[in-house]
Amino acid sequence: MKAVKENKVYKIIEAQKASYLAQGYTITDDKGKVIEVSPKTTVKYSEYEAVVEENKKLKAAAKKS
């Protein structure tokens, strides 16, 4: 698993997860899928996810036209 924050990415083990979450890191699996978001995150993950999905739809629509 990985700890991601801004432009920093660290490969971590399960025992380090809580420490990195407390520092504001998002925990992802090795493929980049989010496992857990830090409670210090300023944007709600649900809002972020909605924007990403909308962006994907708009890009797909732009390719069709």
Side-chain angles (χ1 to χ4, degrees):
M1 79 178 58
K2 296 179 182 179
V4 180
K5 182 179 178 184
E6 297 172 359
N7 64 342
K8 298 175 187 173
V9 179
Y10 299 105
K11 188 154 180 82
I12 63 170
I13 60 173
E14 185 71 31
Q16 296 171 308
K17 186 169 115 175
S19 173
Y20 278 92
L21 284 170
Q23 294 176 47
Y25 285 81
T26 298
I27 307 302
T28 65
D29 64 10
D30 291 331
K31 294 183 179 183
K33 182 179 177 191
V34 175
I35 296 173
E36 195 168 346
V37 178
S38 172
K40 290 187 173 186
T41 302
T42 56
V43 176
K44 291 182 182 178
Y45 184 70
S46 59
E47 293 174 3
Y48 168 77
E49 193 172 39
V51 170
V52 169
E53 286 302 315
E54 181 181 9
N55 187 20
K56 286 179 185 177
K57 289 177 186 176
L58 291 172
K59 284 182 178 181
K63 281 185 177 181
K64 289 181 182 179
S65 56

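We use all heavy atoms of the structure for the numbers below, so side chains are in, but hydrogens, waters and symmetry mates are not. Small disclaimer: the values here were computed from a predicted structure and weren't measured. For this chain, numbers begin at 1 and follow the sequence in order.
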Next item on the list: Answer yes or no: does atom OH of Tyr48 have more than 12 heavy-atom neighbours from other residues, nucleotides or ligands under 6.0 Å?
Entry: no
Item checked: Side-chain (Ser38) to main-chain (Leu21) donor-acceptor, under 3.5 angstrom -> yes
Note to self: Does Lys57 form a salt bridge (Lys or Arg N to Asp or Glu O under 4.0 Å) with Glu54? I'd like the steps, not just the answer.
What the structure shows: CA-CA 5 Å; Lys57 289 177 186 176; Glu54 181 181 9; over 6 Å; no
Item checked: Gap between atom CD of Glu36 and atom OG1 of Thr26 - 0.5 Å precision -> 9.5 Å
Checklist line | Full working for side chain to side chain contact (heavy atoms under 4.5 Å, CB included) between Lys11 and Asp30 | finding: CA-CA 9 Å; Lys11 188 154 180 82; Asp30 291 331; 3.2 Å; yes
Notebook entry, point to check: Any chain of hydrophobic side-chain contacts (each under 4.5 Å) joining Ile27 to Ile13?
Noted result: no
Notebook entry, point to check: What pair of heavy atoms forms the shortest contact from Gln23 to Lys40, and how long is it?
Noted result: C-CD, 4.4 Å
Checklist line | From Tyr25 atom OH to Lys8 atom NZ, the distance as rounded to the nearest 0.5 Å | finding: 4.5 Å
Margin query: Can you tell whether the side chains of Glu53 and Lys56 come within less than 4.0 Å, N to carboxylate O?
Written below: yes
Notebook entry, point to check: Do Leu58 and Val51 belong to the same hydrophobic cluster, where Ile, Leu, Val, Met, Phe, Trp and Tyr are linked whenever their side-chain heavy atoms lie under 4.5 Å apart, directly or via other members?
Noted result: no
Item checked: ILVMFWY network linking Ile12 to Val9, side-chain heavy atoms under 4.5 angstrom -> no
